[in-house]
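One structure is given below, encoded as C-alpha cells.
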Amino acid sequence: MGADAIQTNGHDQTKLTGGEEIQRLRCFVKNYEWGKLGPDSLVARLQEANTGQRVDPEIPHAEFWMGTHESGPSHVEFGSLGHGGSDKCMVTLKSWVLDNPDLLGSKVVDKWGCDLPFLFKVLSVTKALSIQAHPNKALAEKLHREDPLLYRDNNHKPEIALAVTPFQALCGFVPLKELKEVITNVPEITELVGSKAADQIFNVHEHDEDERVKSVVRLIFTQLMSASNNETKQVVSRMKNRLISETKHRELSEKENLVLELEKQYSGDIGVISAFFFNYVKLNRGEALYLDANDPHAYISGDCVECMAASDNVVRAGLTPKHRDVQTLCSMLTYKLGYPEILKGFPLTPYVTRYLPPFDEFEVDHCDLPGGNSTVFPAVPGPSVYLVIEGQGKLQTGSSQLLVNRGDVLFVPAHNEVHVTGESDVMKLYRAGVSSRFFQTL
C-alpha cells in the first residue's frame, strides 16, 4: 500500500510502497533545559550521528525520541541505505504503519490499532526532572478530555529506565520506619504541614492495614505540596542553612546532600523538601527501574534508555518551571511505601539481556557484541525498534542487510528474525518491542 513521502532534497512529493524490510529512522530530539550540553550529552552524540548534522554545543540535548507519538515523531528514511545522499525521501513512521498495518502484526493491530504501542527514548540528565507521575488509562482519558493542550493524549504511561551510565532517581515513598525518621529529623516538614498532621505518622504501624497507613501519608504529603510559595521559600531556606551549619559537627547523609544539590538547582521549591519522602535510587549501568501508573518519581542525573507506553502525559508538582497540577498529583498517587524493584535483566544469549517489566506494551533488550561475533534476535509477532549507541556492525533480516553505526535507529517489522554481527571492538545496541508476555498470554 502507498504512503505519502517527502523527498529530503526538496523535490516534489512522491508515493512510496511499504515493505517488509528493515528501515532506517530519523529521530526527534527534545531540548529541555535539564538536558546535558554538547558532547557530554549522549542524546546530542546520537542526534549528530543519526542526522549527519552538527549540534549546537551550547544547547541542552535532553531526550532522543523513537516512535510515532505526535509530540516527537520519527520518520522512515527511504532511498540510499547509507547516510547522506540526495535521492532520499522520508515519511512519518506513523503514516507508514497506518498504511501498512502488516508491519505491526495482526495481534498488535487487534490490541492497539494501527500504531506503535510503545515509545522508545534516550535521556541525558544533568539537572533534576520534575517530581511527577503518569496517569492510569482512566485518569488519562479524563485529563485529556478536560485539558487536551496540557495532556496531549488519552493513554497511560508505564515506563522503564535502563541505566547506560550510573543513573540517579527519586522513586516511590520510603518505608514507614524511614518516613517516621524523616518527620522527626526534618523539623521543617512539620513547620509546613503543622504538628497535628505530622504527628499522625507516629500513630500508624507496620502491621496496620495498608489503607490506614496510606491515608496518613496522603494527608501529610498533600499538605506539604500545597504549602504557599512564600512560606515554602522561607522554610526551605532555613532548612538549607540548618544543614550547612550541621556539616561543622557531623557528616550529612546522602539524602541530605542530595537535597542541598536540589536546592541549588531549584531554590525555594517545595520539591526540594519533599525529596525526603522518596527513595533515593542509584542504578549501575545495566540496572533498570520500572514505574507503574501513579508512581511518584524524579530523575536526577545520568544517561538512560527509556521505554514506555506511547504517551506524553505527565502530572507535575515540584522541581519544575512548567505547569504544576498539585491536587491532581496528590490525589492520583498510590502511596505505596517501600523500595522499588530493580531489574537486572535475564540472559537470552551470551550477548543479549532482556528487561521485562509487567506491562503489555513493551520490553527492552540490551546487546553488547564483541567484534567478529554474531547473535540472533528471534522473529516476534510484533514490531521492533533497534538503536545502536556504540560501535558498528551488520543487521540482516531476509534479503535486507545494513551496515549500522552509532546513532542508527532501525524499524524492523513483525515476523522478522534479525542476525547481528559486530564489526568493531564492541557494538552496543538496544531493542524495544512489544512484551513477549503479551504474545504468550493470547
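In this structure, Arg324 pairs ionically with Asp269, as a charged nitrogen and a carboxylate oxygen lie closer than 4.0 Å. A salt bridge links Arg242 to Glu188: one of the charged nitrogens lies within less than 4.0 Å of a carboxylate oxygen. With salt bridges taken as basic N to acidic carboxylate O contacts below 4.0 Å, none links Asp408 and Arg26. With respect to the salt-bridge test (charged N to carboxylate O, under 4.0 angstrom), the residues Lys36 and Asp303 qualify.
Ring geometry, Trp96 versus Phe411: the interplanar angle exceeds 60°, so the pair is classed perpendicular (tilted spans 30 to 60°). In this pair, Tyr299 and His297 present their aromatic rings tilted. The plane angle is within the 30 to 60° band.
Counting non-hydrogen atoms of other residues, nucleotides and ligands closer than 6.0 Å to NZ of Lys180 gives a total above 12. Residue-environment remark: CG (Asn229) stays at or below the threshold of 12 foreign heavy atoms within 6.0 Å. More than 12 heavy-atom neighbours from other residues, nucleotides or ligands sit within 6.0 angstrom of NZ on Lys322.
Side chain to side chain, Ser435 and Glu361 fail the donor-acceptor criterion of an N or O pair below 3.5 Å.
Between Trp112 and the choices Phe362, Phe118, Phe438, the ring-ring contact (aromatic ring centres under 6.0 Å, His included) rule is met once, by Phe438.
With a 4.5 Å cut-off on side-chain heavy atoms, Val305 and His366 do not count as touching.
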